[in-house]
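For reference, the structure discussed in these notes is given below.
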Amino acid sequence: MTLLSELDRVTPPPARRGRRPGAVTGGAGLGLGVGVLWLTLLVLLPIAAIVSTAFDDGIAGFWDAITDPEARSAITFTIGAAALVTVVNAVMGTLIAWVLVRDSFPGKRVVEVIIDIPFALPTIVAGLVLITLYGPSGPFGINLVGTRAGVVLALLFVTLPFVVRSVQPVLIDADREVEQAAASLGASGFTTFRRVILPTVLPAVVSGAGLSFARALGEFGSVILISANLIGKTQVSSSYILKMIESAEPVAAASVATLLLGLAVVVLVLLDVVQRRTARRD
Amino acid sequence: MTDTLTRQTTTAPAAPPRRRRRTTRTAWVLRLIALAYILALVALPVASVVQHTFADGLGPVLDVLRSPDFLAALRLTLEVAGIAVLLNTIFGVGMALLLTRYRFPGRRLMSAVIDLPVSISPVVVGVALILVYGTYGWFGPALERAGFQIIFAVPGMVLATVLVSLPLVLREVVPTLEEAGLEQEQAAQSLGANAWQRFRRITLPTIRWALAYGVALSLARSLGEFGAVRVVSGSVAGTSQTLTLYVNDSYQEFGPDAQRQAFAAAFVLMAIAVSLIVVIAALRPDQEKS
């Protein structure tokens, strides 16, 4: 409340024409100060602490920590699984978005709600949900507990909405006349898809896929039960980091955390670049 | 000449139905693949967990829901999520106003920093908090001497929950504020309305649906957070165990009773999550209409 009433004194005076945002003065400065302090205590300092702890024993210490055999296998498995999940999502997400936008069938609204379940469901519940069907007492006799396929399945579950939800609005806005024109000029369904639809939706596919890659890299809750956390096989980076911090190995934990953090930042920056390019083209 | 013309007109209408039929077949295949994928990945597993929860009827589930550990976990979850959502709503609205109405150096960087915590591993979020506020962290010892315990206590769990849902309110409110512009507020100000009146009469009604949507999203995320809370909580039954931790810890214990506890608590979380997305889905069209 203080923050808002402080805004009072600094809202651009009525004499200002137009709706251009103004410079920060007085009370808004105080609000901004509180915001910056909160972000510093909550985000910046903790992240600085992770990076600084990773290099407590110098660059050699960081390097040793991430090349430790257990860490290395957790990291490579996590990146590999995230990459696989990203590719599957790019294809299946686009397909599902297409069906939801262009097709109509009874129960479509239910499917729309089901798509959002993975985002709304707590990750640990997601894991439990998958184990019930694809675990030791599942009805299909498929037991994926302790397998890498199980981990990939959990990652696919939690990342399902990313591509669907980013491609859907683009498809809704897409000009169908161009597709009809392509078809009337004799283009096959596949050619129309490749030459007309794909270029339109590609930026949205890339941004959805990028977000699902970032999410899969750091996923923990949904994976923990189905992976059974087998070292060198199904252990993901997040589980390794937790294990290290709990066994009082902060440098090992912080090093792998720094690596994950760095990868996430790279993905976010790349996505920002893609988004800006698309915005400029429009 | 007339002959070819008529022939053309007779063949032309024949072509589209054939093409339409072909796309229909493709559409059928695509629909089938999409539905099968969603069914196998989400719908069937969710249905089977419901069935599994009530396999022995309602009685055992109610027993779990009445047990002291479950109730303590539920209370703690509501407390942590409630505080976190409140903090994120105040921060989200305040910061959204600052980001849309003022220009200051580092504005874009600030926006990126707000987005960062949801894009990284929740375990990394938890570890980061430990390294600053934990016993061996940067501020931990000083805080402990002053009598504050953050890590392995409720404040740490709240901080972890705030972090994993940090931008959700803000990201919903910002586009609405940008679209609305400043003219109405300036008009109100010139008519003598003070900041609180302007906020309550103009800003709040403008962002109402976006805010409700953001709050619902944050609540869903906060109630369900596991990884970050797992790292900073210590998870002691009855005192520092949230519902998600209760699900995990019960499942990791063996035996039918523990399993039943895990499934009953998971069902409660799932019911909350599904009702929240129904609310969110209902809010979305309203938001587009206004």
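In what follows, every chain begins at residue 1, and chains take the letters A, B, ... in the order their sequences are listed.
- When the heavy atoms of residues 252-262 of chain A are compared with those of chain B, the residues falling under 4.5 Å are A/Ala254, A/Ala257, A/Leu260, A/Leu261, listed by number.
- For B/Leu129, the parts sitting under 4.5 Å from any heavy atom of chain A are the backbone and the side chain alike.
- When the candidates B/Val274, B/Ile130, B/Ile33 are compared by the number of heavy-atom contacts under 4.5 Å with chain A, B/Ile33 comes out ahead.
- With a 4.5 Å cut-off on non-hydrogen atoms, A/Val223 does not touch chain B at all.
- Comparing B/Ser48, B/Ala266, B/Ala220, B/Ala265 by heavy-atom pairs within less than 4.5 Å of chain A, the highest count is held by B/Ser48.
- For B/Tyr136, no part lies near chain A; criterion is any non-hydrogen pair under 4.5 Å.
- The side chain to side chain donor-acceptor pair (under 3.5 Å) test applied to A/Thr78 returns A/Ser237, not counting sequence neighbours.
- For A/Val113, the parts sitting under 4.5 Å from any heavy atom of chain B are the backbone and the side chain alike.
- Note: B/Pro45 leads B/Pro45, B/Ala273, B/Gly224, B/Ala47 in heavy-atom pairs under 4.5 Å with chain A.
- Using a 4.5 Å cut-off between heavy atoms, A/Leu41 contacts chain B through both its backbone and its side chain.
- Of the atoms belonging to A/Thr53, it is side-chain heavy atoms, and not backbone ones, that fall under 4.5 Å from chain B.
- Residue A/Val129 touches chain B through both its backbone and its side chain, counting heavy-atom pairs closer than 4.5 Å.
- Interface remark: B/Glu225 contributes no atoms to any contact with chain A (heavy atom separation under 4.5 Å).
- In terms of heavy-atom pairs under 4.5 angstrom with chain A, the leader among B/Ile120, B/Val231, B/Val247, B/Leu163 is B/Leu163.
- Using a 4.5 Å cut-off between heavy atoms, B/Tyr133 touches chain A through its side chain atoms alone.
- For a residue to count as touching a neighbouring chain, one of its non-hydrogen atoms must lie under 4.5 Å from one of that chain's; by this rule B/Ala40 touches chain A with backbone and side chain alike.
- Contacts of B/Leu243 with chain A are absent, with no heavy-atom separation under 4.5 Å from either backbone or side chain.
- Using a 4.5 Å cut-off between heavy atoms, A/Phe140 contacts chain B through its side chain alone, with no backbone atom that close.
- Note on B/Val132, B/Leu131, B/Leu44: by heavy-atom pairs under 4.5 Å with chain A, the leading option is B/Leu131.
- Both the backbone and the side chain of B/Pro122 come within contact range of chain A, each with at least one heavy atom under 4.5 Å from a heavy atom of that chain.
- Of the atoms belonging to A/Ser239, not a single heavy atom falls under 4.5 Å from chain B.
- At a 4.5 Å heavy-atom cutoff, the contact between A/Leu39 and chain B is made by side-chain atoms alone.
- Per-residue heavy-atom pair counts under 4.5 Å with chain A were compared for B/Val123, B/Asp115, B/Val49, and the maximum is reached by B/Val123.
- Of the atoms belonging to A/Ala126, not a single heavy atom falls under 4.5 Å from chain B.
- Proximity to chain A is absent for every atom of B/Leu245, based on heavy atoms less than 4.5 angstrom apart.
- Of the atoms belonging to A/Ile114, heavy atoms from both backbone and side chain fall under 4.5 Å from chain B.
- Using a 4.5 Å cut-off between heavy atoms, B/Arg108 contacts chain A through its side chain alone, with no backbone atom that close.
- For A/Ser104, the part lying near chain B is the backbone, with the side chain staying farther off; criterion is any non-hydrogen pair under 4.5 Å.
- When all heavy atoms of A/Leu130 and A/Ile226 are compared, the pair lying nearest together is CB-CD1, 4.2 Å.
- A donor-acceptor contact shorter than 3.5 Å links the side chain of B/Ser121 to the backbone of A/Gly218.
- Counting heavy-atom neighbours within 6.0 Å of B/Gln259 CD, excluding the residue itself, gives a total above 12.
- With a 4.5 Å cut-off on non-hydrogen atoms, B/Leu39 does not touch chain A at all.
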